[in-house]
Amino acid sequence: MEIVRKDPDQRGFRVQPKRWAVERTFSWLTAHRRLARDYEASPARSETMIRWAMIGLMVRRLTRCRPTTRPGPKPLIQLRPLEGAVRT
């Protein structure tokens, strides 16, 4: 493991190497309700729950038929007026 620190002369936000992958993985794990808080009494049980969550994520990805799409704003579709329609 390596600690990634920002440059002393850096101003503003910049993506740090490898850090985004760790933060993304934590967000995937937190999406599972049981892993949102530390409910488990033993570290072994907590590790098991993390493994279940990651196995579920991998299974969903492997069984998906189409490529991943990100939800976002839909493009605007301009509707054309019908020909011969009378406006009032």
Side-chain angles (χ1 to χ4, degrees):
M1 184 180 288
E2 170 185 346
I3 297 175
V4 179
R5 299 195 187 276
K6 72 177 190 175
D7 296 329
D9 58 339
Q10 175 185 336
R11 293 183 60 90
F13 176 77
R14 190 172 58 182
V15 176
Q16 301 294 325
K18 306 270 183 180
R19 184 174 177 160
W20 64 270
V22 174
E23 290 176 356
R24 180 189 61 197
T25 305
F26 284 154
S27 71
W28 289 336
L29 290 174
T30 309
H32 292 271
R33 184 169 163 244
R34 190 158 177 170
L35 296 175
R37 299 274 187 269
D38 190 17
Y39 294 121
E40 310 305 331
S42 70
R45 181 100 180 207
S46 183
E47 181 182 351
T48 302
M49 297 309 296
I50 290 170
R51 285 181 189 263
W52 280 2
M54 293 309 288
I55 288 171
L57 181 71
M58 288 188 290
V59 166
R60 256 181 289 145
R61 287 183 176 181
L62 289 171
T63 58
R64 203 173 9 209
C65 297
R66 53 186 152 74
T68 306
T69 57
R70 297 186 74 173
K74 305 280 187 222
L76 295 175
I77 299 173
Q78 185 175 6
L79 298 175
R80 295 181 181 166
L82 296 174
E83 291 182 23
V86 178
R87 291 187 183 185
T88 56

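These values consider heavy atoms only, across backbone and side chains, with no hydrogens, waters or symmetry-generated copies.
- Heavy atoms from other residues, nucleotides or ligands lying under 6.0 Å from CZ of R24 number more than 12.
- Here D9 pairs with nothing under the salt bridge (charged side-chain N to carboxylate O under 4.0 Å, His left out) rule; sequence neighbours left out.
- For R51, the side-chain hydrogen bond (donor to acceptor under 3.5 Å, both in side chains) partners two or more places apart in sequence, or in a different chain, are E47.
- Side-chain heavy-atom separations under 4.5 angstrom define the hydrophobic clusters, and the remaining members of the one that includes M58 are I55, V59.
- For the side-chain contact (heavy atoms from CB on, under 4.5 Å) test, residues two or more places apart in sequence or in another chain that qualify with R61 are W28, L57, R64.
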